[in-house]
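Counting starts at 1 for both ligands and their atoms, following the listed order. Throughout, numbering of the chain's residues begins at 1 and tracks the sequence.
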Amino acid sequence: MLNPVSDAFKSELQAALPGTAFREVTEAYLTEPRGRYHGRAGLIVAPETVEEVALVVRAANRHHVPVVPYGGGTGLVGGQVAPDLPDPVLLSMARMARVREVLAAENVLIAEGGAILAEVQAAAEAEDRLFPLSYGSEGSARIGAALAVNSGGLNVLRYGSARDLCLGIEAVLPTGEILHGLKRLRKDNTGYDLRHLLIGSEGTLGIITAAALKLSPRPAETGTALIEVASPEAALEVLQRARGLCNETLSAFELISGQGPRFVAEAGVPARLVLEPVPDWMVLIEVGTAADGAPGEVLERLYGGALEDGLVGDGVIARSEAQRAEIWRLREAIPEANRIIGSVASHDVSLPLGVIAEFMEGAEAALAIFGDVRINAFGHLGDGNLHYNVFPAAGKRREDYDGLRQAVTETVHDLVVGMGGSFSAEHGIGRMKVGELERYGDPAKLATMRAIKTALDPNGILNPGAVLRLEDG
Ligand SMILES: Cc1cc2nc3c(=O)[nH]c(=O)nc-3n(C[C@H](O)[C@H](O)[C@H](O)COP(=O)(O)OP(=O)(O)OC[C@H]3O[C@@H](n4cnc5c(N)ncnc54)[C@H](O)[C@@H]3O)c2cc1C
């Protein structure tokens, strides 16, 4: 049984924490990027130390008040907003935003859970190192949340997802106990690895207050290309060739459907289309090498061979940093344009590479029963991760498809799961995909997840209703 924030609870925290720890409840904390959920909050508190986080959680556990951890608010599955809870306490990480230390010789950076992703990247760069986690919301997303959702982004192909970049974690558990796991070891086989339990738990098992992160050498030279491909199948063949030629220096391989740039133009998002007329399919390839690695020449070779074999058409290999930025700007403009056009349904799926082309054909055919729609499939093809988004036909509005969203999503997800894929590749479950997890999840996995949740959080106070359905009572 959960209770809303009460006057007694508020007074207890106000007596124990400085006035600067409290934030006004404003709309910004209650909305999320896709506008699908509107949250509630009885109190917003922004602690400055791990001890203060522990104090808040201990009090919440005693009063059975739900706690919703809050980073930058950019999550796309409604994990950070809670519409259906008794007024919870929102625990903002905004005042725990320091990069504590960069240990360049160890290739390690220690950051607090509220550190902004772009600031973590900049702190690594200042020491001539790379923190490779990168995506569109990096100017607002916070590192504790990035770990809590195990986010992915543009460089997973080479460097892995957030999970692969984390050596140690400090966290506050649902009872208010502090987990001191801020190790910076690459080898540490000392029992259950609680770091990996907390990563991807979306704030339901603990609040990540600090992390030891893995850094890499910065590539001395970078080559970037945008190339027309004949089809998604041809894109996969080019990916195999790129892997063969570039080996581990291949850092991004993005598939872009022509619908993406066409939406950018239609929505008036400022970005150059780079390839005109816009081809039906393109790939964005990035290679980062050590000094004298000549990434431009490697891309030329890849392009030349693929052109001879009829896999690719028009293409641009960036000759300057400005051209490289233009290519990436186009990639980043696509989600912005998608938001303006307004999707009927969006899907963040992953598939075994071998079935992606078959999925594309199957999904288009299956969606035909919903009448005229436009499909914008794009994403991190090197990771088998597609953002497969369905939009109204030209001249129609999202509202014209009201009532169809769930059926569209079921059609796409049934196909994905049937082909051995995942209905959530990198955004998590949040509140949006709780039903999908129940529908497609392995019963043994779900039962184990519930048992873990009950063991760690007996009163069910940490982010209730995210990942696992809120149980009655
Ligand atoms: C334009 C755009 C592009 C994006 N691109 C990508 C992409 O390419 N790849 C990708 O993976 N994601 C992407 N995302 C989503 C991405 O998951 C989030 O941007 C980010 O990782 C979440 O960070 P946040 O600080 O905004 O978290 P929030 O939205 O505040 O929270 C996300 C979840 O984490 C929990 N949480 C927050 N802080 C903590 C903490 N310290 N400890 C425990 N739990 C916590 C919250 O309760 C919530 O469940 C994108 C989002 C946008 C808006």
Less than 3.5 Å between some nitrogen or oxygen of [X] and one of ligand 1, yes or no?
X    : value
G73  : yes
V68  : no
S140 : no
P69  : yes
G72  : yes

What part of M93, side chain from CB on, backbone N/CA/C/O, both or neither, has a heavy atom under 4.0 Å from ligand 1?
-> side chain

For atom 40 (C) of ligand 1, what is the nearest protein heavy atom, given as residue, atom name and distance?
-> I208 N, 3.8 Å

Please work out which of [options] has its closest non-hydrogen atom nearest to [atom].
atom                    : options             : result
atom 49 (O) of ligand 1 : G79, G71, G152, G75 : G79
atom 5 (N) of ligand 1  : Y29, Y70, Y135      : Y135
atom 51 (C) of ligand 1 : S137, S134, G136    : S137

Is there a heavy atom of G430 sitting under 4.0 angstrom from any atom of ligand 1?
-> no

Could you give me the CA-CA distance, side-chain angles and deciding distance for I169 and H196, then say whether side chain to side chain contact (heavy atoms under 4.5 Å, CB included) is met?
-> CA-CA 9 Å; I169 269 182; H196 285 307; over 6 Å; no

